Amino acid sequence: MARFFAGLARLAMGTELPVQVAAVCYRLRGSSVEFLLVNTSSGKWTFPKGRLCPALSPSESAAREAWEEAGVHGRIEEIHFAHYLDTKRTLGHDSLTREVRIAAFLMEVHRTEDPQESGRNPSWFSPQQARKRLAEGRLSPYSRQIAKMIDAAVDQLAVKSRRQAAILMRMQGRRRLASVR
């Protein structure tokens, strides 16, 4: 079953590379946004990410990774908003790596607890700090791609905010019309 989901994910993303999922976790602080990053086993900062779980949808798999690696719960978007290439160490070989394509899902964090996995050090960063941390320790093409996920997430959140504001304005307009009648 896992191969079936991985095959569908590769087909949907137009790649023969292995596909993983990431939860781009955020929280709103007044008029600003913060992003949650975790440490990899090699010490780099990244989004909570991992393999597709055969019993879960891709977004549910990403949410599960966020809970396991960062101890966060919240609302995750069902469709990925972007994807990027990254490298992953080959099992049993510290010096060998392979490319993986990561489907990124936005997740608004509602609550936190201690993560299931130790050594992940979940930490909140401003968009500027997150871009810098994500770029550290990665080769140039990969550092640019993963850092761009912050920009894509901020853009996605701005669109979402405008959409919500438009809906609220329409609802308020209907209430005013109803009260006039």
Side-chain angles (χ1 to χ4, degrees), residues 6 9-10 12-52 58-59 61-72 74-90 94-110 112 115 117 119-163:
R10 280 195 296 272
M13 296 183 76
T15 183
E16 286 301 315
L17 296 174
V19 174
Q20 293 190 347
V21 292
V24 177
C25 301
Y26 71 94
R27 67 182 179 188
L28 300 174
R29 289 284 188 234
S31 62
S32 63
V33 63
E34 293 179 327
F35 291 96
L36 183 74
L37 303 178
V38 296
N39 285 127
T40 65
S41 57
S42 64
K44 293 185 283 190
W45 289 99
T46 192
F47 303 111
K49 66 179 175 35
R51 294 188 180 114
L52 291 164
S59 63
S61 294
R64 181 179 187 157
E65 292 296 329
W67 174 70
E68 290 174 354
E69 295 181 5
V72 296
R75 192 184 61 71
I76 194 157
E77 299 289 329
E78 290 186 30
I79 299 172
H80 72 280
F81 71 97
H83 55 87
Y84 62 97
L85 283 178
D86 205 358
T87 57
K88 188 153 185 87
R89 285 189 307 204
T90 305
D94 284 344
S95 61
L96 296 177
T97 62
R98 63 185 165 108
E99 280 189 331
V100 292
R101 182 161 306 272
I102 313 291
F105 294 83
L106 268 179
M107 180 174 180
E108 183 175 14
V109 174
H110 295 155
T112 61
E117 296 181 16
R120 292 299 189 156
N121 187 28
S123 301
W124 293 99
F125 297 98
S126 71
Q128 182 179 3
Q129 293 169 324
R131 280 191 294 277
K132 181 180 175 189
R133 296 286 187 229
L134 289 167
E136 292 172 352
R138 287 185 169 80
L139 296 174
S140 182
Y142 304 110
S143 68
R144 281 192 308 269
Q145 283 193 37
I146 194 169
K148 282 183 180 179
M149 290 301 99
I150 296 296
D151 296 330
V154 167
D155 290 346
Q156 195 74 12
L157 291 170
V159 167
K160 186 177 175 180
S161 177
R162 284 191 299 269
R163 208 176 305 134

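Just so we're clear, the structure is a prediction, and the values are computed from it rather than from any experiment.
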Is it true that Lys49 and Glu65 make a salt bridge, defined as a side-chain N closer than 4.0 Å to a carboxylate O?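 So Lys49 does not pair with Glu65 through a salt bridge.
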Test item: [X] and [Y] side chains (from C-beta on) under 4.5 Å apart, heavy atoms:
X: Val38; Y: Phe47; value: no
X: Met107; Y: Cys25; value: yes
X: Asp86; Y: Arg138; value: yes
X: Val109; Y: Trp124; value: yes
X: Tyr84; Y: Lys148; value: no
X: Pro18; Y: Arg98; value: yes
X: Leu106; Y: Lys160; value: no

What's the shortest heavy-atom distance between [X] and [Y], and which atoms?
X: Phe105; Y: Pro58; value: CZ-CB, 3.7 Å
X: Thr46; Y: Leu134; value: CA-CD2, 3.7 Å
X: Ala62; Y: Val21; value: N-CG2, 3.6 Å
X: Ala66; Y: Ala23; value: CB-CB, 3.8 Å

Nearest 0.5 Å, what's the [atom1]-[atom2] distance between [X] and [Y]?
X: Ile150; Y: Leu37; atom1: CD1; atom2: CG; value: 6.0 Å
X: Glu117; Y: Glu68; atom1: CD; atom2: CD; value: 5.5 Å
X: Leu36; Y: Ser123; atom1: CG; atom2: OG; value: 7.5 Å
X: Lys44; Y: Ser143; atom1: NZ; atom2: OG; value: 10.5 Å
X: Leu17; Y: Glu99; atom1: CG; atom2: CD; value: 5.5 Å
X: Ser161; Y: Gln156; atom1: OG; atom2: CD; value: 12.0 Å

Assign the ring pair Phe35 / Tyr26 to parallel, tilted or perpendicular, where the plane angle (0 to 90°) is split at 30° and 60°.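 The arrangement is tilted - the two ring planes meet at 30° to 60°.
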Arg64 atom CZ, neighbour heavy-atom count above 12 within 6.0 Å: no
Is atom NZ of Lys132 surrounded by more than 12 heavy atoms (other residues, nucleotides or ligands) closer than 6.0 Å? no
Can you spot which of Gln145, Met149, Arg101, Gln20 makes a side-chain contact (heavy atoms from CB on, under 4.5 Å) with His83?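 The option that passes is Arg101.
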